[in-house]
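In what follows, a single structure is set out as structure tokens and then discussed.
Protein chains get the first letters and strands the later ones, always in sequence-line order, with residue 1 at the start of each.
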2 protein chains.
Amino acid sequence: MALKIRNSNNHKNELTRDRLLDEAEDLFSQRGYHAVSVREITKAAESNLAAVNYHFGNKQNLYLEVFRSRWLPRASQIQQSFKQSLKNSGNPTPTMVVQSFARAFLEGPMSADERTRHFKLISGELVQPTEAFELVVEQVFRPLFGKFLEDLRKVMPDTVDEKQMILNVFSILSMVLYFNFARPLITTFVGGQEHNDIETRLVDHIVQFSLSGVGSVKEEVGK
Amino acid sequence: MALKIRNSNNHKNELTRDRLLDEAEDLFSQRGYHAVSVREITKAAESNLAAVNYHFGNKQNLYLEVFRSRWLPRASQIQQSFKQSLKNSGNPTPTMVVQSFARAFLEGPMSADERTRHFKLISGELVQPTEAFELVVEQVFRPLFGKFLEDLRKVMPDTVDEKQMILNVFSILSMVLYFNFARPLITTFVGGQEHNDIETRLVDHIVQFSLSGVGSVKEEVGK
DNA sequence: GTCTATAGCAGGATAGAC
DNA sequence: GTCTATCCTGCTATAGAC
């Protein structure tokens, strides 16, 4: 899957080190750390087997460098996108806060492939944390989570207490991550067809669901 | 983590094949398929290196058998729990449907360790699908998802259209999976302390959030 | 900075004795 | 059904020529 368009042409002009990082990210995101060999990475990068050790010392370090030099910057982009979108929206409402957040994750400047790589990498860390997890939590999740919580609290009534707010944020985050992360599952249900506008649809849904749940309920009516 | 209590004593009375499955499940769930070696599994099961090949043919098959003979039955338990809980609740309301669903996943008869193993295994498949994924989707997710969708539709107004309902179900499922699956992340935020009653708290939250979102909003008020 | 060659080892798998 | 011994492949990592 994901046609390799970027091969020969781009490779010529890119430094070995960068090509290694690109291919490593691609392969690690697709199949995880342990299922990918250094041989495979160097071959994909059209470089020598020894290149990984020369440029990064060892495999583990290459993996970490993928997070440091590729993943973190993209996470910053998402964060920036969230802040900007919120700033541009003027007087913020709950809708705007949630919408900005969801958009930053599901839409934004990244290409679909890039986003897929991005979220597959972090999904791997969520399931099987390595050293990179710590890095990512401290530098990305904690500040982002904090800001979102703060922004949301500002526009919510004071009747909503702190713990409830935290769980609310987790719930929204769960959807945002999940709709990126569980694509295989979603695809098997919704099917591959559907409108390409799916991202917008998802954002709308997340906003709506976050603000009012499944919709107007007819409680106590039964059957 | 997860003290090994079940070692020597239980091992004596259990068949090699079962011990292999137990230990395989434990190790695969903790670190994933590729990071675990057959040597490690047989050692943990206090059996011989050749035992895996004798009983299961190869490593991949052992992994699949873990899903077939350990994971699927537990998934059935969850499914049963959902159905029972719903039946017992008499005239169903949206609250009851969502609550039954969330409870089946987050509470229920499994031990905490068992549930952790269960969800770490499926998380791995969601991120890096193997042959087991197909099995699990067809035999568990599709029917469960279908039933939940159906039950929920019965108690929702007809104004909610089909696609919206599907997204609603995904959103609820996302929370339910996420609160099991992203424990490392949640733990780093909420901290390890807190009440042991956390499961009940989470179920309450999911129900509340699913039905009415973040809570009564003060829209258009700003700041 | 890139290459070849190879060390050195861990992995899955099997043959064959018991 | 369990064991030992062993094969063989594939891996990471490094030494050293260019």
Please report, rounded to the nearest Å, how far the P atom of dG1(C) is from the CD atom of Glu14(A). 15 Å

Can you say whether the rings of Phe170(A) and Phe179(B) are parallel (under 30°), tilted (30 to 60°) or perpendicular (over 60°)? perpendicular

Rounded to whole Å, the CG-P distance (Leu20(B) to dC3(D)) equals 11 Å

Is the distance from OP1 or OP2 of dT4(D) to the nearest side-chain N or O of Asn48(B) less than 4.0 Å? yes

Within 45° of the ring axis of Tyr33(A) and under 6.0 Å from its six-membered ring centre, is that where the NZ or CZ of Lys59(A) lies? yes

Length of the CZ-C1' vector between Arg17(A) and dT2(C), whole Å: 16 Å

Please list, pair by pair, any protein nitrogen or oxygen found under 3.5 Å from a nitrogen or oxygen in nucleotides 13-17 of chain C.
| residue | atom | partner | partner atom | Å |
| --- | --- | --- | --- | --- |
| dA13(C) | OP2 | Lys59(B) | N | 2.9 |

Output yes when at least one side-chain N/O atom of Thr16(B) is less than 4.0 Å from OP1 or OP2 of dT2(D), else no. yes

Under 3.5 Å side-chain donor-acceptor pair for Asp26(A) and Gln30(A): yes

Using atom CG of Leu27(B) as one end and atom P of dG12(C) as the other, report the distance to the nearest whole Å. 12 Å

Distance, rounded to the nearest Å, where Glu46(A) contributes CD and dG1(C) contributes P: 19 Å

Counting just side-chain N and O atoms, does His55(A) come under 4.0 Å of either OP1 or OP2 of dT2(C)? yes

Over 60° means perpendicular and under 30° means parallel, so classify the ring planes of Phe148(A) and Phe101(A), tilted if in between. parallel

Pairing donors with acceptors under 3.5 angstrom, does anything connect the side chains of His205(B) and Ser171(A)? yes

Please round to the nearest 0.5 Å and tell me the distance separating atom CG of Leu62(A) and atom CG of Asn53(A). 9.5 Å

Between atom NZ in Lys43(B) and atom P in dA10(C), what is the gap in whole Å? 12 Å

